[in-house]
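In what follows, every chain begins at residue 1, and chains take the letters A, B, ... in the order their sequences are listed. Keep in mind the model is a prediction, meaning the values are calculated, not measured.
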Amino acid sequence: MKTPPYFEFQSKVQIFAGSNSLEKIGKDMEIRGVSRPMILSSQTVARSGLLNFIEKGYRPGMETGVIDTDIPADSDLETVRRLAALFTEKACDCLIAVGGGSVIDTAKGVNIAVSLSCSNYDITPYAGAGMVREKLKPLTVVPTTSGSGSEATIVAVIADTAQSKKLLFTSPYLLPNTAVLDPRVTLSLPPLLTAQTGMDALTHACEAFFCLAHNPISDAFALEAIRTIVRYLPTAVAEPSNEEARLQMAIASNLAGTAFSNSMVGMVHSIGHTVGAIAHVPHGACMAILLPYAMEYNARKAGERIGALLTALGNEKTFLSTPKEKRTQAAASSVRRLNEKLKTLTNGAHALCFKEYRSKNGEAPVTQELLPRIANEAINDGSIFYNPEELSKADALRVLEAAYEGVPLN
Amino acid sequence: MDIRPFYSGSKIISGSGALDALSFELASVNAEKPLLIASDIERTAEKTVAKALKATAAVIGGICRLQSGEKNSAKTIAETFNRFGCDSLLAIGDADLINAVKAARVELSFGKAPAEIDFTQPAPPRRSVPFVSVAVLTPEIGPLPNELILDSGACITSPLFYPDTVFIDPRVTGKSAAVSKRSEIAAAASIFAVFALSDTQAHPAVRACAHSALQQVCEAIETRSRAEQTRLIANARFLSQIALTGVRFVPEIALLPFLTDGRNPTETLKTLFEAALPTLSFAKDDLSQIVIKLVPNNNAGSGKQTLRSEFETALLRLTQRLVPNSAAPKPSRSELFKAFEAVKESALTAEQKNECLKILQIQMEGTE
Ligand SMILES: [Zn+2]
């Protein structure tokens, strides 16, 4: 496990994790010298009463400036503009995002609009890499799914619907100041979604570890995440109200998010993004199916690192007692066993291969006919850049066919 | 289910060529005229940094050289900063120098001395002053990145004290004034990491940093190139310090400033660590992970020894290898007694004092 000759790592997010973390936001705002947040969330979250816990932690003189729950599934410039005006009108001085990726990305966009000089709250001049070069207003993030890890990334994706394109903003200043991991937030996540988002987090950790941009710190974060996921994901799926398992999954997802935002992901994400875009299969479901195939596919170039994952997917004993040449396959098999366990726990709903996958209305959106098109587009996805092994269209198709049938590659 | 908060406020850029990213990093925070603050004894490092800046056509706003132990250095830094119209701080030096730069940064951003600010609820700063540091190998034990030692000797903590970016470049670490003390520094980093692991309420990110620190030490031991070895040790030091910022009060470390009267702090740390090790608790996962790191071909936990004793043996062997028992005697009874009195009078809380005094008592019993 040699340290690469050059690496960078950062995780400048204050993390509060534990059973009463939502109540700690008030204290954190006090330290940051702010008192009037704009809270962005979803209607479901607002109805659940979770936001009350945040307000319960307010210090004297603190007050919610405004709560807005009207945020589209894909954050867009129009929403950012509307919310930025509202932020100013209500004299807010910080942001709290309680939700998934789109709520968090919208909050990042609003933060650019209200913190930097943007005429008419137009943030497009700040799109691109490293264009945001100043501290923004304090942003606290409470992720409501344990998977995406968006609370740990320096990225925001905001759609410019007028131009039908997606704008990518990356800057270290887009990292939230605070991430709050409270088990109460994910208690209502249904078992299937818990399994899928959990496998997304596992994929972030595994790819961060075996893809090309790994470094010794993100490695340690990734291994810690994998150990926790293997141990707690089945419990979180089997007992949705188990707070300990929920908390551990939130923590693991955050660790995995930190690992991959420093080390990038690879072909599981390239192919997974494309299956998602073409066949509308949820991201986590794609990750769960594809991960073991990517481990097999990358065996030639990254076998030793994939094999080393066994220490976390199993333990040190499993690692040492497995002959070197069998470790990669053993690591892929552990992921398959975890998927099988999740399938049993979700009464068969968690799919092991694309053939098996069913959408909510019982349809099978991934057909064999679609696979060549998916393979064709997958090789152009940005994440492929950090995959250890080259991936041609024919290779991607071979992987997809195996993942469709549920037959290991080797 | 109470888990301690975790925060790591510095970006780390480590590697050969790390310094080549210096001007880019400064530009990314809108900084164009850094004040270069350097220890008088780190002239080689200073030259390397200046050369790297020049190579990328970056400007140095001004230079401020400080002698070790210089009084009022924070004031000197702030004044030089203003005189040259600088916009950021670039520090190269030992713990004292970094501490002075932290204090100067507070003064420049808040317009007040650190002692006049309540860091539990500070008003927003008047301006932001980017602060980056270039790591040199330095044998002092403290303060941690989130700590600032005031002139009164009191230690305050705040996320505002972290450098924004820490550059670890073998061209600098390999030429540090304290390069001959690298084994000692590696030992202290390992001990810090193990203490961090012994806090079972710490956030798992602390464990990740601690394991990574130990991994870097193990690699450093196997590395032939001196420059690369020092880079790995500097990585380990950085990571072990970040780990320690997220854990409980560690009395063995808090005691060091009271026991360094003319003796090597790392040796004292080692003595206190060896005494503490059997009493510390660890997660089972951590035991096997460490054993496998330190004794790679050992089938962890399956030998004649129990996993716990294998773990302790491996750790003691590591610290012994890095800091061989020297002729320096362990703290004497009178020295311990002096420390005992000093702890009682110190700014520590009552609970912290008790923890420290207990350890001193055990050490005193051992001297009879
Ligand atoms: Zn993902």
Side-chain angles (χ1 to χ4, degrees), chain A residues 1-21 24 27-28 30-34 59 130 133-135 171-173 178 181 183 215-225 227-228 243-244 247-248 251-252 254-255 258-259 311 315-317 319-321, chain B residues 1-18 21 24 27-30 119-125 128 158-159 162 164-165 170 203-205 207-213 215-216 219 223 228 231-232 235 239 242 246 285 288-289 291-292 297-302:
Chain A
M1 290 304 113
K2 239 179 124 323
T3 295
Y6 180 93
F7 72 86
E8 299 185 5
F9 181 89
Q10 66 178 334
S11 74
K12 294 185 192 179
V13 183
Q14 170 76 58
I15 302 168
F16 294 112
S19 6
N20 295 310
S21 299
K24 290 183 180 149
K27 174 75 192 149
D28 187 55
E30 185 176 41
I31 293 174
R32 297 186 191 282
V34 288
R59 302 283 151 143
R133 295 175 175 189
E134 281 168 61
K135 274 196 182 122
S171 159
Y173 292 113
T178 309
L181 312 172
N215 74 58
I217 313 178
S218 63
D219 284 355
F221 275 69
L223 292 175
E224 205 57 48
R227 268 190 198 95
T228 312
E243 287 206 15
E244 172 71 8
L247 174 64
Q248 293 299 335
I251 291 175
N254 178 261
L255 292 168
T258 306
T311 58
N315 55 37
E316 277 69 23
K317 256 188 196 159
F319 172 79
L320 289 166
S321 59
Chain B
M1 271 194 294
D2 239 4
I3 295 172
R4 271 181 241 288
F6 176 77
Y7 180 66
S8 154
S10 304
K11 173 177 180 178
I12 171 177
I13 300 186
S14 166
S16 51
F24 176 80
S28 75
V29 290
N30 271 343
F119 284 97
T120 61
Q121 41 185 322
S128 95
S158 162
Y162 289 86
D164 297 307
T165 308
H203 188 279
R207 282 217 296 280
C209 291
H211 279 297
S212 191
Q215 178 68 34
Q216 296 287 295
E219 271 188 49
T223 302
E228 179 61 4
R231 171 176 83 106
L232 297 170
N235 289 348
L239 285 163
I242 294 293
D285 271 359
S288 50
Q289 278 184 68
V291 172
I292 201 174
N297 294 320
N298 173 299
N299 198 344
S302 64

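Heavy-atom distances place the backbone of Ala27(B), and not its side chain, under 4.5 Å from chain A. For Leu255(A), the part sitting under 4.5 Å from any heavy atom of chain B is the side chain, from C-beta outward, and nothing else. Only the backbone of Ser10(B) comes within contact range of chain A, judged by heavy atoms closer than 4.5 Å. Using a 4.5 Å cut-off between heavy atoms, Pro4(A) touches chain B through its backbone atoms (N, CA, C, O) alone. Of the atoms belonging to Glu224(A), it is side-chain heavy atoms, and not backbone ones, that fall under 4.5 Å from chain B. Proximity to chain A is absent for every atom of Ile242(B), based on heavy atoms less than 4.5 angstrom apart. When heavy atoms are compared at a cutoff of 4.5 Å, Leu239(B) approaches chain A solely by way of its side chain, counted from C-beta outward. Of the two parts of Arg227(A), only the side chain, counted from C-beta on, holds a non-hydrogen atom closer than 4.5 Å to a non-hydrogen atom of chain B. With a 4.5 Å cut-off on non-hydrogen atoms, Asp164(B) touches chain A through its backbone and its side chain both.
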task: Dump the intermediate steps for side chain to side chain contact (heavy atoms under 4.5 Å, CB included) on Thr120(B) and Lys27(A), then the final yes or no.
output: CA-CA 9 Å; Thr120(B) 61; Lys27(A) 174 75 192 149; 4.2 Å; yes

query: Could you go step by step and tell me if Leu181(A) and Ile3(B) meet the side chain to side chain contact (heavy atoms under 4.5 Å, CB included) rule?
result: CA-CA 10 Å; Leu181(A) 312 172; Ile3(B) 295 172; over 6 Å; no

- request: Take Phe119(B) and Ile31(A) through the test side chain to side chain contact (heavy atoms under 4.5 Å, CB included) and record every step on the way to the result.
  value: CA-CA 7 Å; Phe119(B) 284 97; Ile31(A) 293 174; over 6 Å; no

query: Could you go step by step and tell me if Phe7(A) and Asn235(B) meet the side chain to side chain contact (heavy atoms under 4.5 Å, CB included) rule?
result: CA-CA 11 Å; Phe7(A) 72 86; Asn235(B) 289 348; 3.8 Å; yes

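The CD1 atom of Ile12(B) sits 11.0 Å away from atom OG of Ser11(A), with the distance rounded to the nearest 0.5 Å. With rounding to the nearest 0.5 angstrom, the NZ atom of Lys317(A) is 9.0 Å from the OG atom of Ser288(B). Taking CZ of Phe6(B) as the start and CG of Asn254(A) as the end, the distance is 10.0 Å to the nearest 0.5 Å. The CD atom of Gln289(B) lies 7.0 Å from the CG atom of Leu223(A); values are rounded to the nearest 0.5 Å.
Residues passing the side-chain contact (heavy atoms from CB on, under 4.5 Å) test with Ser28(B) are Glu25(B), sequence neighbours excluded. Considering only residues two or more places apart in sequence or on other chains, Tyr173(A) meets the ring-ring contact (aromatic ring centres under 6.0 Å, His included) condition with none of them.
A pairwise comparison of heavy atoms in Pro5(B) and Gln14(A) identifies CB-NE2, 3.4 Å as the closest pair. Shown here for Ala17(A) and His203(B), the closest heavy-atom pair between the two residues is CB-CD2, 4.1 Å. Residues Ser212(B) and Pro216(A) come closest through the heavy atom pair OG-O, 3.0 Å. Minimum interatomic distance between Tyr6(A) and Ala18(B) (heavy atoms only, all atoms of both residues): CE1-CA, 3.7 Å.
Per-residue counts of heavy-atom pairs under 4.5 Å with chain A were compared for Gly17(B), Ser14(B), Ala208(B), Pro159(B); the largest is that of Ser14(B).
Using modelled atom types and a 3.5 Å distance limit, the side chains of Thr3(A) and Gln216(B) yield a donor-acceptor pair.
In this structure, Lys11(B) pairs ionically with Glu8(A), as a charged nitrogen and a carboxylate oxygen lie closer than 4.0 Å.
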